[in-house]
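Inspection log for the structure reproduced underneath, given as structure tokens.
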There are 2 protein chains.
Amino acid sequence: MAASTLAEVAKLAGVSPATASRVLNGSSRKPGEDIAERVRQAAESLGYVPNAQAQALAKSSTGLIGLVVHDIADPYFSAIARGVQQVAREQHRMVLLATTGGTPVDEREAVAAFAARRADSIVIAGTRSTRTEDAAANLELAAELDRYCRNGGQVAVVGQPIVGAQETDGYHVVTIPNIALAEKLATSLAGLHDGPFVIIAGPAGLATSDERIEGFQRGLAKASLSPAEVIRAGFNREGGFEAGKELASRIQPRQSGEPALRHCIFAANDVMAIGAAASLRENGLRIPRDVAIAGFDDIETLRDFRPSLSTVRLPLEEIGSLATLSTVEHHRETSGQITGQVILRRSTEPS
Amino acid sequence: MAASTLAEVAKLAGVSPATASRVLNGSSRKPGEDIAERVRQAAESLGYVPNAQAQALAKSSTGLIGLVVHDIADPYFSAIARGVQQVAREQHRMVLLATTGGTPVDEREAVAAFAARRADSIVIAGTRSTRTEDAAANLELAAELDRYCRNGGQVAVVGQPIVGAQETDGYHVVTIPNIALAEKLATSLAGLHDGPFVIIAGPAGLATSDERIEGFQRGLAKASLSPAEVIRAGFNREGGFEAGKELASRIQPRQSGEPALRHCIFAANDVMAIGAAASLRENGLRIPRDVAIAGFDDIETLRDFRPSLSTVRLPLEEIGSLATLSTVEHHRETSGQITGQVILRRSTEPS
DNA sequence: TTGCAGCGGGAATGCGCTTTCCCAAATTCC
DNA sequence: GGAATTTGGGAAAGCGCATTCCCGCTGCAA
């Protein structure tokens with residue numbers, strides 16, 4: 001048995017479908033109270049549930065927000081998702097979720113699927129790729145988004161602009177000031193450490209990772225320190241772990257009384273930092289005694305980590321909310337100004 | 001400018017809409033290759049994107065999977081979400097996300113919204129509430145689900161059955177053996193500790209929490225130990241933190257040489273355990289020296305926590321996948337047998 | 001050659017709803 | 001009291017697509 005329809009309700013109430021529609025689904029025209037009541041009764045007794053698909057088709061607005069992330073189980077993205085979800089609830093919309101693993105090809109596919117579902121807006125989170133082998137896919141993604149916008153869609157991208165995207169209206173960017181913040185972090189750390197700096201980052205071509213490297217190096221340069229060595233690995237916990245392992249093989253635990261030559265590691269995000277810390281520890285290095293380490297993002301779940309991790313706080317939830325709001329008509333003027341702040345904790349304490 | 005339609009494509013290709021439909025959206029009837037090519041060309045040049053709403057309306061199947069969770073940023077739920085998402089991708093479906101904060105009222109609302117969107121299936125994660133003040137809402141939720149199932153919907157609920165739900169077909173439960181696993185954990189811990197046991201749990205009436213308490217107490221009883229005291233708090237990190245604080249005020253750090261009277265805490269989930277550990281530490285208690293602690297879930301992000309947390313591993317991702325699969329026609333026979341395992345780590349090491 | 005099955009394409013209907021347009025009755029105004 | 005207006009309801013035309021039914025055509029056996 002299929003769900004009952006508006007027409008059935010109307011018949012039971014002895015009115016026309018038009019009238020039933022008007023009373024049940026907020027129209028500007030309000031039928032008389034007696035009739036309205038009869039219709040509501042009928043709807044109730046039939047267990048009527050309006051067919052959102054049909055409604056969407058008829059009034060061409062779906063109330064859908066498409067969210068694309070790399071991995072919903074990554075706390076970075078789930079925090080953003082929470083922000084998106086929150087706005088969605090307030091606006092009485094629903095969010096459609098797509099995970100892509102970060103490849104532009106899949107992102108394009110996700111956008112196409114959202115477009116097909118006629119989502120009112122699309123929020124894209126996750127770093128852009130500037131790798132040459134992704135160039136073609138990026139272009140296609142940009143084209144897909146462009147088409148979507150031309151058809152009246154709203155898109156917000158979190159982090160940095162899509163490579164090659166047009167400046168159509170309906171296209172919003174919530175920029176994350178990775179460079180500036182990483183620079184600040186470097187400046188802060190430079191005041192505490194003079195040991196060699198090392199950056200554990202994602203593969204070359206991940207915009208977020210690259211920006212954070214750039215900012216950090218810039219900060220070191222301004223402090224007249226030589227540039228940090230950069231170790232590349234996966235942009236996740238495993239990558240951090242691997243990089244940490246490699247690093248550990250080169251670093252000796254400090255002998256007591258020995259002059260301080262302590263490495264200071266900047267991991268391009270918190271989960272990498274945690275991974276690195278884990279492998280350093282496994283190799284007998286202690287934090288912050290033998291090596292200092294800082295991350296980026298200030299992931300909530302990781303705040304109880306010991307030693308507490310120095311990092312850069314990003315208002316992830318707010319970022320998600322802001323991105324979503326910027327796609328909503330009413331708040332179109334929302335500025336995408338995101339601020340973060342350096343948080344120094346125990347993991348980088350001077351010895 | 002609205003997106004172009006099938007009719008426009010058909011006209012441009014000089015064929016009927018029927019034919020265009022057949023070539024573009026996998027029908028059983030395949031038009032001739034020459035015509036097909038012409039249609040594809042036309043579609044390409046117009047940037048045609050099929051309207052999934054209209055398709056859904058016409059063939060009454062949306063390819064939508066509704067997922068309801070308490071909080072998408074909670075790693076427990078985001079892990080499950082990943083599993084759901086994965087199956088969704090394989091099946092070429094999309095997931096609709098709703099977060100409820102755990103109240104049956106909002107869950108009902110979410111289910112109604114999914115039903116309105118004609119989602120093919122609904123996955124509900126998160127503990128049931130058995131509180132009397134939620135009884136009415138639970139019943140309404142059950143009724144909503146029942147109606148949804150009668151209309152041909154598939155629902156899977158993770159954890160425990162919905163209170164008062166009918167045994168309609170289309171209604172599946174992926175049971176999490178909280179009681180048995182908590183009992184196992186208690187048994188394991190009873191072999192290592194004889195100090196007083198304390199349970200830090202969520203509010204009374206949260207099924208998952210209550211089940212874990214029950215199992216744990218049962219395990220203690222079987223080991224001929226007296227029941228653990230139960231401290232109630234929020235079923236999240238904050239709750240754990242609060243409970244830990246209260247507990248800390250009663251526990252003294254062990255003086256060296258003093259006979260062992262070490263509390264062993266079982267927190268009803270990992271994030272509570274982490275919260276509790278944080279406040280215990282703030283109060284000068286060291287783990288596992290002064291107090292032992294175990295959690296439940298084995299949240300991935302928390303595995304690098306130090307001291308490493310004893311817990312019960314739950315295959316959360318698999319749970320999400322299984323639940324989703326059970327709602328899909330082809331795999332309807334999927335059994336909902338979930339197994340977990342006790343993992344003893346350093347946080348409960350005997351002194 | 002005729003008859004029939006089989007195939008490729010088009011016309012038309014309907015999915016469930018919103019909304020414009022239309023019409024009758026009720027109301028207002030002079 | 002009649003005309004002008006407002007009000008409240010219904011008829012009907014889509015929204016964009018899938019699909020059933022139908023029709024003309026070809027290929028084959030009789």
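Because the structure is a prediction, the values reported are computed rather than measured. Below, read A as the first sequence line, B as the second, and so on, with proteins coming before strands; counting in each chain starts at 1.
- One can place NZ of B/Lys59 at 12 Å from C1' of D/dT19, the figure rounded to the nearest angstrom.
- Atom CD of residue B/Gln160 and atom OG1 of residue B/Thr130 lie 9.0 Å apart, to the nearest 0.5 angstrom.
- Taking the side chain of B/Ser21 as heavy atoms from C-beta on, and the options C/dA11, D/dA18, C/dT18, the nearest nucleotide is D/dA18.
- Summarising the geometry, the separation between CD on B/Glu37 and P on C/dG9 is reported as 14 Å, rounded to the nearest angstrom.
- Counting atom types as modelled, B/Arg22 pairs no side-chain N or O with a base atom of C/dG8 as donor and acceptor under 3.5 Å.
- Using a 4.5 Å heavy-atom threshold, the side chains of A/Ile338 and A/Leu322 count as touching.
- Put simply, CG on B/Asn151 is 16 Å from P on C/dC15, counting in whole angstrom units.
- Here the side chain of A/Thr19 is nearest to one of C/dG9, D/dG9, D/dG14, namely D/dG9.
- Taking atom CG of residue B/Leu24 and atom P of nucleotide D/dA18, one finds them 9 Å apart after rounding to whole Å.
- Atom-to-atom, CG of A/Asp34 to C1' of D/dG8 comes out at 11 Å; the value is rounded to the nearest Å.
- One can place CZ of A/Arg117 at 17 Å from P of D/dG16, the figure rounded to the nearest angstrom.
- Put simply, the side chain of A/Asp120 gets close to the backbone of A/Thr62: a donor and an acceptor are under 3.5 Å apart.
- Using a 4.0 Å cut-off between charged nitrogen and carboxylate oxygen, B/Arg150 and B/Asp146 count as a salt-bridge pair.
- Each of B/Gly14 and A/Ala18 was assigned the nucleotide of DNA chain C with the nearest heavy atom; the assignment lying further toward the 5' end belongs to B/Gly14.
- How far SG of A/Cys149 is from OH of A/Tyr171: 8.5 Å, rounded to the nearest 0.5 Å.
- Using a 4.0 Å heavy-atom criterion, one finds that B/Pro50 contacts the sugar-phosphate atoms exclusively.
- For B/Gln55 and D/dC17, the shortest distance from a side-chain N or O to OP1 or OP2 is not below 4.0 Å.
- Considering only the side chain of A/Ala58, C/dG16 comes nearest among C/dG16, D/dG10, C/dA11.
- Within 4.0 Å of B/Leu57, counting heavy atoms only, lies at least one base atom of the nucleic acid.
- Contact annotation: A/Thr5 does not reach the phosphate of C/dG16 (side-chain N/O to OP1 or OP2, under 4.0 Å).
- D/dG9 atom C1' lies 19 Å from atom NZ of A/Lys11, rounded to whole Å.
- For the helix from C/dT1-D/dA30 to C/dC30-D/dG1, the rotation axes defined at the first and last 5 base pairs enclose an angle of 40°, given to the nearest 10°.
- Atoms CZ (A/Arg38) and C1' (D/dG8) sit 13 Å apart, rounded to a whole Å.
- Rounded to the nearest 0.5 angstrom, B/Ser78 OG and A/Arg82 CZ are separated by 10.0 Å.
- Considering only heavy atoms from C-beta on, B/Ile176 stays 4.5 Å or farther from B/Thr208 through its side chain.
- Salt-bridge check for A/Glu33 with A/Arg38: failed, with every basic side-chain N at 4.0 Å or more from each acidic carboxylate O.
- Taking every side-chain heavy atom of A/Leu6 into account, C/dC17 is the closest of C/dC17, D/dG9, D/dC17.
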